Number of protein chains: 2
Amino acid sequence: MVEVGDDSGCGLDIAFAVIGGKWKPLILYHLRAGPKRFGELKRAIGSVSEKVLIQQLRELAAAGVLIRRDYQQVPPRVDYTITDFGITLAEALMPLCIWGVEHRARIEATAAV
Amino acid sequence: MVEVGDDSGCGLDIAFAVIGGKWKPLILYHLRAGPKRFGELKRAIGSVSEKVLIQQLRELAAAGVLIRRDYQQVPPRVDYTITDFGITLAEALMPLCIWGVEHRARIEATAAV
DNA sequence: TTCGACACTTACCTTTGTGTATGTACTGGT
DNA sequence: ACCAGTACATACACAAAGGTAAGTGTCGAA
C-alpha cells in the first residue's frame with residue numbers, strides 16, 4: 001500500500017496514495033463501465049498477474065473506491081463495483097486519460113519504447 | 001525511466017509514463033508558478049534527495065515538459081522552466097490535485113498514516 | 001477420470017525506484 | 001585558511017513493488 005506522505009500543499013500526494021499502483025488507474029477505468037468479475041478484469045487488463053490484481057483490488061476496496069461482492073457460490077463468483085466515491089476519482093483521472101490519448105504519438109517517439 | 005506499456009485503450013499508460021516517479025507531479029506543480037533553480041526546487045519539495053531530483057528533472061526535460069537553462073556561470077546557475085506542453089500536463093493533473101484536497105480527511109482516516 | 005474454470009493464497013525471486021554518502025570545481029564571505 | 005553555497009556525479013545499499021510458479025477446493029464438461 002502506498003502511504004500518505006508529507007503535506008505537499010496540493011492534494012497530489014493524497015490522490016497518489018490511492019491510485020499509486022501499476023494497475024489501479026486501469027482497474028478504475030474498466031469498472032466505470034459497470035461491475036466486473038475477477039476473471040473479466042484480468043482478461044481486460046491482460047498483462048497483470050493474479051497476485052497483484054487481487055492485491056490492488058483489495059487496496060482499492062479498503063480505500064472505499066470499489067466494493068467486492070461475494071455471491072457465496074461454488075464455484076466462486078465475485079464481482080467488483082465502483083462506488084460513488086470511486087467515480088469522483090475516476091472522473092478526476094479522465095483529463096490525464098485524454099491527455100495521454102492526445103499526446104501518445106509524441107511520448108512514444110520520446111520514450112525508449 | 002518509466003516505460004510506455006501495452007495499449008490500454010485509454011491514455012493513462014502514456015500519462016503515467018511521463019509523471020511516473022515519486023516527485024514528478026510535485027515538480028510540475030511547483031514549476032507552474034514560474035522558473036525555479038535547482039536549489040529552490042529542492043527546498044520547496046523538502047524531503048527529496050539531490051540525486052533523485054536531478055534524475056527526475058532530466059527525465060521530465062527529455063519528455064519535453066520542462067527545459068533546463070544553464071546560465072554558464074560560475075558558481076553554477078541553472079533553472080528549470082515548464083514548457084507549453086508541460087502546462088497541458090500540469091492542467092490535466094489539477095483535477096487529481098483538487099480531488100486530493102477535497103478528500104484528504106477521508107483518505108488519511110483510511111490509510112495507515 | 002482427467003481437465004479446465006473459478007477466485008484466490010503463498011513462498012520465493014527479480015526488478016525498479018529511491019536514498020545515503022561522498023566527491024567535484026569554483027567562488028564569495030569571515 | 002576555512003567554510004558555505006552552487007549544481008551536480010558516482011558508487012553503493014536498501015526497500016518496495018511487481019512477477020513466477022505452485023497449490024487450494026469445488027464443480028461441470030469431455
Side-chain angles (χ1 to χ4, degrees), chain A residues 1-6 8 13 16-27 30-31 35-63 66-81 111-113, chain B residues 1-6 8 13 16-27 30-31 35-63 66-81 111-113:
Chain A
M1 175 74 108
V2 181
E3 300 223 349
V4 176
D6 302 322
S8 56
D13 54 338
F16 281 97
V18 179
I19 55 163
K22 192 165 173 183
W23 308 103
K24 288 182 191 171
L26 238 53
I27 292 171
H30 282 109
L31 287 186
K36 295 228 165 157
R37 300 184 59 171
F38 177 78
E40 289 181 295
L41 274 171
K42 184 169 139 56
R43 279 186 297 273
I45 296 180
S47 41
V48 65
S49 68
E50 296 190 344
K51 185 197 119 186
V52 173
L53 181 53
I54 285 265
Q55 192 177 296
Q56 310 215 337
L57 283 168
R58 290 210 186 289
E59 288 172 7
L60 288 172
L66 58 84
I67 285 170
R68 185 188 115 107
R69 194 168 21 168
D70 190 338
Y71 292 84
Q72 307 283 10
Q73 292 175 9
V74 82
R77 176 183 175 87
V78 170
D79 67 17
Y80 296 88
T81 314
V113 188
Chain B
M1 175 73 110
V2 181
E3 299 223 351
V4 176
D6 302 323
S8 56
D13 54 337
F16 281 98
V18 178
I19 55 163
K22 192 165 174 183
W23 308 103
K24 288 181 190 172
L26 238 54
I27 292 171
H30 282 109
L31 287 187
K36 295 230 165 154
R37 301 185 58 174
F38 177 78
E40 288 181 294
L41 274 172
K42 183 170 137 60
R43 281 186 295 273
I45 296 180
S47 42
V48 65
S49 69
E50 295 190 346
K51 185 198 118 186
V52 174
L53 181 53
I54 285 265
Q55 192 177 297
Q56 311 215 337
L57 283 168
R58 291 209 185 290
E59 289 172 4
L60 288 173
L66 57 83
I67 285 172
R68 183 189 116 108
R69 195 169 20 170
D70 190 339
Y71 291 85
Q72 307 283 11
Q73 293 176 8
V74 81
R77 176 184 175 85
V78 169
D79 66 19
Y80 295 88
T81 314
V113 187

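Below, all heavy atoms of this structure are taken into account, side chains as well, without hydrogens, waters or symmetry copies. Small disclaimer: the values here were computed from a predicted structure and weren't measured.
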statement: When B:V52 and A:D79 are each assigned the nearest nucleotide of DNA chain C, the 5'-most assignment goes to A:D79
query: Given C:dG19, C:dT9, D:dC27, which nucleotide is nearest the side-chain atoms of B:K22?
result: C:dG19
- request: Ignoring backbone atoms, test whether A:R69 places a side-chain nitrogen or oxygen under 4.0 Å from the OP1 or OP2 oxygen of C:dA7.
  value: no
message: Looking at C:dA7, I'd like to know if its phosphate oxygens (OP1 or OP2) sit under 4.0 Å from a side-chain N or O belonging to A:R37.
response: yes
message: So, does B:R58 get its side chain near the phosphate of D:dA7, meaning an N or O under 4.0 Å from OP1 or OP2?
response: no
message: Between A:R77 and C:dA7, is there a contact of a side-chain N or O with OP1 or OP2 at under 4.0 Å?
response: no
- request: Please report, rounded to the nearest Å, how far the C1' atom of D:dT6 is from the CD atom of B:Q72.
  value: 14 Å
Phosphate OP1/OP2 of C:dT18: any B:Q56 side-chain N/O under 4.0 Å: yes
query: What nucleotide among D:dT26, D:dA11, C:dT27 has an atom nearest to a side-chain atom of B:K51?
result: D:dA11
task: Identify whether the distance between the nearest side-chain nitrogen and carboxylate oxygen of A:R68 and A:D70 falls below 4.0 Å.
output: yes
field: DNA chain D: 5'-proximal contact among A:P76 and B:P75 (nearest heavy atom)
entry: B:P75
C:dT27 OP1/OP2 closer than 4.0 Å to side-chain N/O of B:Q73: no
